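Encoded as structure tokens, the structure appears first; notes follow it.
Model, not experiment: these values are computed from the prediction.
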Amino acid sequence: MPTPVTPLASRPRLCFVSYRQIRLMAMPIVAEYRDRAEIEVIDGSFEVALDLARQRLDSGLVDVFVSAGSNASLLRSGISAPVATIQLSGFDILQALIKARATADRVGIVMYGHTLPELESVKGLLNIDIHQYAYQTPDSARACIRQLHSDGIRVVVGSSLVVELAENAGLVGLLAYSHASIRQGFEDALELARVAQLEAGRYEQLNTVLHTLQEAVLAVNQSEQIIAINPAMQRILGMVRAPRLGEPLASITTDLSLRETLESGQPEHGAVLRLQGRDWIANRTPIHESGQTTGAALTLYDARTIHEADNSLRIQHRRSDHAARHRFESLAGQAPAFLQAVARARRYAATDFSVLITGESGTGKELFAQAMHNASPRARQPFVAINCAAFPETLLESELFGHEEGAFTGARRGGKRGLFEAAHTGTLFLDEIGDMPLTLQTRLLRVLQERRITRLGSVTPIPVDVRVIAATHQPLLQMVNARQFRQDLYYRLNTLTLALPPLRDRNGDVQALAARLLAHSLTRVGVSSFAAAEVLVNVGGALEQHPWPGNVRELENMCDRIAVWLSQYRRIERVEWSGLRHECPELFAAPPDIEQAPAAEAPESEQPDRHALALAALERHGGRPGAAAAELGISRSTFWRWCRDKPSATVETHEPEG
């Protein structure tokens, strides 16, 4: 059956690196294979042959090399392309010796690399005297020929180089190869080319994928030769030396070695490398085929880019986390003033009117705003919050209304939507509205009236459907009178007003809130041996007497401080409670005056009477100011002021009862 002709476009490209004697023998074989491959024949030996092969390889002209003897050995060790070796079989040697025996009974055999000890056993069968030598270089091959000549040997069997040297010395040279061996060498070359083409196709696909990645990536085969590399990695390695496909990675840099990954077959993630004065995060991943590790991939991430991306993600997460977490069910308290505020907020939640929440810092204004949002028809829509006191005027304007590209120096490419757009169909919570600059108050009023915003740098209005809840701890009405806050904006926001009571006016809520907050604080610091109720038996009285100028936020911080202080003890029986005076001195100090809303002051002549009332109530309740104030229906700070109205009066306080 005739050998099929391979289409020209898909023919493998072979390069036969030969020497004169073997080339002459191989030319008929080369002719047989020209229909199946493109074959180039070049002559050379040792370094000359290696240089010629490298030139062909660098030019991309060769898929597989074919060679024999010393040339094949040098090519395999010196280039990264496949090399098909024309093997010297025992039958080839036997045929050459039989042919030599017809001429002489003493024959020399000169082989590259090493001698053939097994020939000693056939000398007797062939009735021939065999003298063996091995060579490593052309010079050592010449020395072998000279030695054979001086020994009177007239016939020499060996490689193409040996035959040429023997003939130059006047001896008979016989090539130790057969047509069958050369033909098998070309068959092996075609198979190597077929496998190489399959691998090249896989590598081409791999390189195509890698070229789309921004990360620096390379892959190596089992010999740690580079089989794929993308431009990002080429730029990094180019700082050291420009890499080439097929080149050993270790010859470029040892810092990126994949040898351990190839040997262990285990991935390595998050390794920190220092390369060319920069920090990189490296991932090393084995490549498996049929359960075997056939290669490995290296990915480098610029540490600076990771830091920037992490910051960007954190910022984006904060801006996109437009969800209200708190509900009315999570608001803790049973004081009448607090329950009244909750009931009012529930009514407001069902409407779509603007709400103005007032109250001291730490009273939970944003918690109420979130609870109203979650109880409103807009509950499934965004809840967007911004603290108007936290931004300079120009940045606050951009945050609220957004900007177009190029609107100002540093404006984001492509522009940015503002918080009004982000809150579309939902709720926008404007905290600390009293700190908003007057110029922005004008823009805010227009948005509330027209329900449209215009980005900075744009003239196109964008409709928005937003419910606004504002909050402040400042006396807005006084600010209006002082021309520090726009009157029209005040009445636009003040459609519904929700005043939150300070903690000092929420009689009975301190203990309940402290129990919840302290339990959470103890868990956070890892104190599991104490229960919040056990702790409150010893500190509850002090908590009740404190005026809490920072309100619930201050109570939460105080609970954290108490929990950290308790973490030094393993059992509650061993707690030295007197030490808490040093850890939380404000709990045991006379409270300062707390500014109250203006109230009807009693005439000066009545002040001794209320002073006496305070002292009498204090005596009835065993020196506990909190209980005395509750009886009189006044706040603890007012109670202390009544006690101080008469300078000569002294108030004896007692340690909190357990």
Side-chain angles (χ1 to χ4, degrees), residues 16-29 41-52 66-78 83 85-182 184-185:
F16 179 34
V17 181
S18 62
Y19 206 62
R20 186 174 66 88
Q21 298 295 332
I22 196 170
R23 171 173 54 79
L24 294 175
M25 174 181 282
M27 290 312 294
I29 310 299
V41 180
I42 58 174
D43 272 2
S45 65
F46 286 91
E47 294 302 327
V48 174
L50 188 58
D51 289 342
L52 292 172
V66 186
S67 193
S70 60
N71 280 348
S73 179
L74 288 174
L75 291 177
R76 284 197 304 273
S77 62
V83 177
T85 302
I86 298 174
Q87 300 289 346
L88 184 63
S89 68
F91 184 70
D92 291 339
I93 296 291
L94 187 59
Q95 281 189 314
L97 288 176
I98 292 174
K99 187 175 181 180
R101 179 66 181 83
T103 305
D105 55 2
R106 299 177 67 209
V107 177
I109 297 181
V110 181
M111 306 300 297
Y112 175 76
H114 56 83
T115 59
L116 303 174
E118 57 270 21
L119 288 181
E120 296 298 321
S121 62
V122 301
K123 290 193 300 183
L125 295 175
L126 297 176
N127 193 23
I128 189 172
D129 185 13
I130 299 175
H131 297 256
Q132 288 197 72
Y133 292 91
Y135 70 95
Q136 300 291 338
T137 65
D139 287 339
S140 63
R142 292 187 185 93
C144 293
I145 296 300
R146 286 196 296 270
Q147 184 62 46
L148 289 171
H149 189 277
S150 65
D151 291 342
I153 305 298
R154 296 292 176 261
V155 179
V156 180
V157 175
S159 65
S160 185
L161 174 63
V162 169
V163 171
E164 181 177 286
L165 292 175
E167 290 178 346
N168 291 340
L171 306 179
V172 176
L174 297 178
L175 194 62
Y177 291 95
S178 66
H179 286 91
S181 297
I182 297 173
Q184 185 59 50

| request: Apply the test side chain to side chain donor-acceptor pair (under 3.5 Å) to residues His149 and Asp151: give CA-CA distance (whole Å), side-chain angles for both, the deciding distance (0.1 Å), then the verdict. | output: CA-CA 5 Å; His149 189 277; Asp151 291 342; over 6 Å; no

| said: Ignoring hydrogens, what is the shortest heavy-atom contact between Pro117 and Gln132? Give both atom names and the distance. | reply: N-NE2, 4.4 Å

| Interatomic spacing from CG in Leu175 to CD in Gln95 - rounded to 0.5 Å | 12.0 Å

| field | Shortest non-hydrogen contact from Ala176 toward Val157 | value | CB-CG1, 3.6 Å

| query | Would you say the side-chain atoms of Ser140 pair up with the backbone N or O of Tyr135, donor to acceptor, closer than 3.5 Å? | reply | no

| request: Keeping the roles fixed (side chain from Thr85, backbone from Ala68), state whether a donor-acceptor pair exists under 3.5 Å. | output: no

| query | Quick one: CD1 on Ile22 to CZ on Arg20, what's the gap to the nearest 0.5 Å? | reply | 13.0 Å

| task | Verify, without hydrogens or angle tests, whether Asn71 (side chain) and Phe46 (backbone) share a donor-acceptor contact under 3.5 angstrom. | result | yes

| request: Give, for atom CZ of Arg142 and atom CG of Leu161, the distance between the pair rounded to the nearest 0.5 Å. | output: 7.0 Å

| said: Is there a side-chain contact between Ile109 and Leu97 in this structure, where contact means two heavy atoms from C-beta onward sitting under 4.5 Å apart? | reply: yes

| said: With rounding to the nearest 0.5 angstrom, report the CD to CD distance, Gln87 to Gln184. | reply: 9.5 Å

| task | Can you measure from CD1 (Ile145) to CD (Gln147) and round to the nearest 0.5 angstrom? | result | 11.0 Å

| task | Give a yes or no on whether the backbone of Glu164 and the side-chain of Asn168 come within a donor-acceptor separation of less than 3.5 Å. | result | yes

| said: Tell me whether Arg101 contacts the main-chain N or O of Asn127 through its side chain, where contact means a donor paired with an acceptor under 3.5 Å. | reply: yes

| said: Less than 4.0 angstrom from a charged side-chain N to a carboxylate O is my criterion; do Asp43 and Arg23 meet it? | reply: yes

| request: Flag the pair Asp129 / Asp105 as yes when at least one side-chain heavy-atom distance between them is below 4.5 Å, and no otherwise. | output: no

| task | State, to 0.1 Å, how close Leu174 and Ala96 come at their nearest heavy-atom pair, and which atoms those are. | result | CD1-O, 3.9 Å

| said: Between Leu148 and Tyr133, is the side chain to side chain contact (heavy atoms under 4.5 Å, CB included) condition met? List the steps. | reply: CA-CA 9 Å; Leu148 289 171; Tyr133 292 91; 3.4 Å; yes

| Would you say the side chain of Leu116 lies within less than 4.5 Å of the side chain of Ile93, judging by non-hydrogen atoms? | yes

| field | Sidechain-backbone polar pair: Ser181 side chain, Tyr177 backbone, donor-acceptor under 3.5 Å | value | no

| field | Closest heavy-atom pair and its distance - Ala104, Ile128 | value | O-CD1, 4.4 Å

| Over all atoms of both residues, closest heavy-atom pair of Ala26 and Phe16 | CB-CE2, 3.4 Å

| note | Between the OG atom in Ser159 and the CD1 atom in Ile86, the distance rounded to the nearest 0.5 Å is 12.0 Å

| request: For the pair Ser77 (side chain) and Ser73 (backbone), establish whether a donor and an acceptor sit closer than 3.5 Å, ignoring hydrogens and angles. | output: yes

| task | For Val110 and Cys144, work out which heavy atoms get closest and say how close. | result | CG1-CB, 4.0 Å

| query | Yes or no on side chain to side chain contact (heavy atoms under 4.5 Å, CB included) for Leu52 and Val17, after CA distance, side-chain angles and deciding distance? | reply | CA-CA 9 Å; Leu52 292 172; Val17 181; over 6 Å; no

| side chain to side chain contact (heavy atoms under 4.5 Å, CB included) between Met25 and Ile182, intermediate numbers included | CA-CA 9 Å; Met25 174 181 282; Ile182 297 173; 3.6 Å; yes

| message | For a side chain to side chain contact (heavy atoms under 4.5 Å, CB included) check, start with the C-alpha distance between Val156 and Val107, then their side-chain angles and the critical distance, and finish with the verdict. | response | CA-CA 6 Å; Val156 180; Val107 177; over 6 Å; no

